[in-house]
Amino acid sequence: MDAADLDYRARTRSGCIPPELVARLLERGRVDVVELQAGHGEWFCALAWARLLGEQGRQSDALEVLAPYLATGWWTAVEAAAELLESWGRADEAVEITRVRMEAGHPMALESYTRLLARHGRAEEAFALLRPHIADPSLAAALVDVAAPAGRDEEAAALLAARTEHRCSDFPWCCRGLDRDTAIGLLATIRERQGRIDEAIALLRPDGNTLLNRKQLAALLARRGRLDALRAAAASDDAGYAVRQLARLLEELGDVEGAIATYRQTDRSWAHDPNQAVELAQLLARHGRKDEAIDVMRIQADAHNGDDWILHILAGLYLDQGRPEDGLAHLDALADARGGEEYWDVYWMRLPLIAARDGVDEAIAQVRAHSGGMTSYAAPHVAELLAGAGRTEEAVAVLRPHALANRHDLAGYLIDLGHIEEAVDALHQDKPRPPQPLTTTAWSEEPPF
């Protein structure tokens, strides 16, 4: 095994059995396949098998499964093994394998190592290791987290306060490390943790035009139940953070009408912001007011005709409400306004509505009449209709000519049919690219980067 190859396959889900299909194998009782593939370089199988062994009390066997992956020095394997060891109550071993990678210079190991230390009674040691790295944003966040169990909140606050005094003169290139706004947010986190809520709010408010701090402020106000302050923030919230937090808080408190009214402010911000409109529609649907949810999304679909994600949500609402005829009529009207034939990424969302109204075969017939109906990107939509109707073998037949482009969908249906060997072969058709050679060229600000 090679760490670079393992990393590439795990990140891109190429040339391997991805985690969702490993879960599918287990759901169908094919533990034997997962165990076999774990020994053949399939990382997600190895991780799932190791977890199962650990649950059975076979911890030594679980570690043997992971050993070849750990031997490559691949950080993902190290981190997973440490998590398992910690969950088994073997924290010292978890600390040790993480320490080895930290000392080898892995860029992510220090954060994991120090967080492990802090969780197991060594927070002061963790704080001391992190303190020199206050300029690194992720390590600064770790420092804030370990400061509490270490009893070093004030020292961490002083380090962050010093960073808040700097303002970039050449934004965004001045601060390559911990920028002022992030430092303010972390300092506010400490003050809130200490119960100094007003100080935390005051820290975040002067930088109200900074989206990061506005988001944190809205969440803080919601956590602390500051309804009046949250309402005031929502009234002038063009980014939607305070509106969203206020609506969620009111819904949790049982004030559904108040939550709905939050989106339906006098300036009708939801009518101009598709994201807020979706949140309002989802809120209405959660409380059985699906016709109103459809009305909200109809306004958005008319205003943003052709935006596929908006049309997808609208079509789903019509389907959930049992109104496929109305949904198709509205989509037809929108298509006519756009001038006729639709690209596949807008057309395909009709298919569940057609199937609900006229049956799966009619939906497939209409697919075949579409200019993109025989393409690789249409195949998974047709297959989903067939599989949903219990016609999984037909779904596989549709996908086989487009196996490379749809390998995960094809493999999933093959697993359902018990054709495991063919499923694995389909996944391995996509050969991962060879790892890129390491470069010795120094980093430079000058092109080419």
Side-chain angles (χ1 to χ4, degrees), residues 13 20 271 273-275 277-282 284-285 290-291 293-413 416 426 430:
R13 304 296 198 263
E20 63 273 14
D273 183 342
N275 293 307
V278 169
E279 292 162 13
L280 173 57
Q282 291 170 339
L284 289 163
K290 293 185 179 178
D291 287 336
I294 287 172
D295 290 341
V296 167
M297 292 312 301
R298 281 176 63 100
I299 291 172
Q300 289 301 313
D302 292 342
H304 304 275
N305 193 353
D307 280 12
D308 57 340
W309 71 281
I310 293 174
L311 295 178
H312 188 202
I313 293 169
L314 177 61
L317 285 169
Y318 274 119
L319 190 64
D320 290 344
Q321 191 67 353
R323 296 169 55 188
E325 182 72 41
D326 292 339
L328 288 167
H330 195 185
L331 292 177
D332 285 341
L334 291 170
D336 289 342
R338 293 194 301 272
E341 186 176 1
E342 299 173 306
Y343 292 112
W344 181 260
D345 58 356
V346 174
Y347 181 82
W348 74 265
M349 61 195 65
R350 296 168 172 270
L351 301 184
L353 294 169
I354 297 170
R357 186 188 66 179
D358 304 317
V360 169
D361 289 327
E362 177 59 27
I364 292 173
Q366 293 205 27
V367 169
R368 299 310 185 205
H370 190 275
S371 60
M374 301 300 292
T375 60
S376 61
Y377 47 82
H381 298 293
V382 176
E384 185 176 5
L385 286 175
L386 288 164
R391 296 157 63 177
T392 307
E393 291 186 0
E394 292 177 67
V396 167
V398 167
L399 288 169
R400 274 194 179 115
H402 311 284
L404 186 58
N406 298 292
R407 59 193 182 278
H408 290 177
D409 293 302
L410 174 59
Y413 294 132
D416 292 343
D430 182 30

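Given the structure is predicted, the values throughout are model-derived calculations rather than measurements. For this chain, numbers begin at 1 and follow the sequence in order.
- At a threshold of 4.0 Å, the pair D361-R391 counts as salt-bridged, since one of the basic side-chain nitrogens sits closer than that to a carboxylate oxygen.
- Taking all atoms of both residues into account, the shortest heavy-atom contact from A281 to L317 is CB-CD1, 4.4 Å.
- Although no hydrogens or angles enter the test, the distance criterion places no donor-acceptor pair under 3.5 Å between the side chain of R357 and the main chain of I354.
- Formation of a donor-acceptor pair under 3.5 Å by the H381 side chain with backbone atoms of M349 is not found in this model.
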Please evaluate residues R350 and Q366 with respect to the criterion side-chain contact (heavy atoms from CB on, under 4.5 Å), reporting the C-alpha separation (whole Å), side-chain torsions for both, the decisive distance (0.1 Å), and the verdict. CA-CA 10 Å; R350 296 168 172 270; Q366 293 205 27; over 6 Å; no
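- Considering CG of D307 and CG of L314, their distance stands at 12.5 Å, rounded to 0.5 Å.
- One N or O on the side chain of D273 and one on the backbone of N275 form a donor-acceptor pair closer than 3.5 Å.
- R368 places no side-chain N or O within 3.5 Å of a backbone atom of M374 that could act as its donor or acceptor partner.
- We find the CG-CG distance between L331 and D336 to be 11.0 Å, quoted to the nearest 0.5 Å.
- In this structure, CZ on R338 lies 11.0 Å from OH on Y343, to the nearest 0.5 angstrom.
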D302/H330 under side-chain hydrogen bond (donor to acceptor under 3.5 Å, both in side chains): CA gap, chis, key distance, verdict: CA-CA 10 Å; D302 292 342; H330 195 185; 3.1 Å; yes
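- For the atom pair CD1 (I299) and CD1 (I294), the distance works out to 12.5 Å, reported to the nearest 0.5 Å.
- Closest approach of A293 to A285, counting heavy atoms only: CB-N, 4.2 Å.
- Other residues, nucleotides and ligands place no more than 12 heavy atoms under 6.0 Å from the CD atom of E393.
- With a 4.5 Å cut-off on side-chain heavy atoms, E384 and V398 do not count as touching.
- When side chains are defined from C-beta on, D291 counts as touching R323, because their heavy atoms get closer than 4.5 Å.
- With respect to H370, the ring pair (Phe, Tyr, Trp, His ring centres under 6.0 Å) criterion is satisfied by exactly one of W348, Y377, Y347: Y347.
- Side chain of H408 to backbone of R13: a donor-acceptor contact under 3.5 angstrom is found.
- Summarising the geometry of L351 relative to A363, their closest heavy-atom pair is O-CB, 3.9 Å, with the distance given to 0.1 Å.
- Taking CD of E325 as the start and CG of D358 as the end, the distance is 8.0 Å to the nearest 0.5 Å.
- Taking both residues in full, the closest heavy atoms of A337 and N305 are given as CB-ND2, 3.6 Å, listed atom of the first, atom of the second, then distance.
- Between the CD atom in Q300 and the CD1 atom in I310 there is a gap of 5.5 Å [rounded to 0.5 Å].
- Looking at heavy atoms from C-beta onward, I364 lies in side-chain contact with L386 at the 4.5 angstrom threshold.
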Working note: W344 + V367, criterion side-chain contact (heavy atoms from CB on, under 4.5 Å); need CA distance, chi angles, decisive distance, verdict. CA-CA 9 Å; W344 181 260; V367 169; 3.7 Å; yes
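- Closest of all the heavy-atom pairs between N406 and S376 is ND2-O, 3.0 Å.
- Considering every non-hydrogen atom in both A387 and Y413, the closest pair reads CB-CE2, 3.4 Å.
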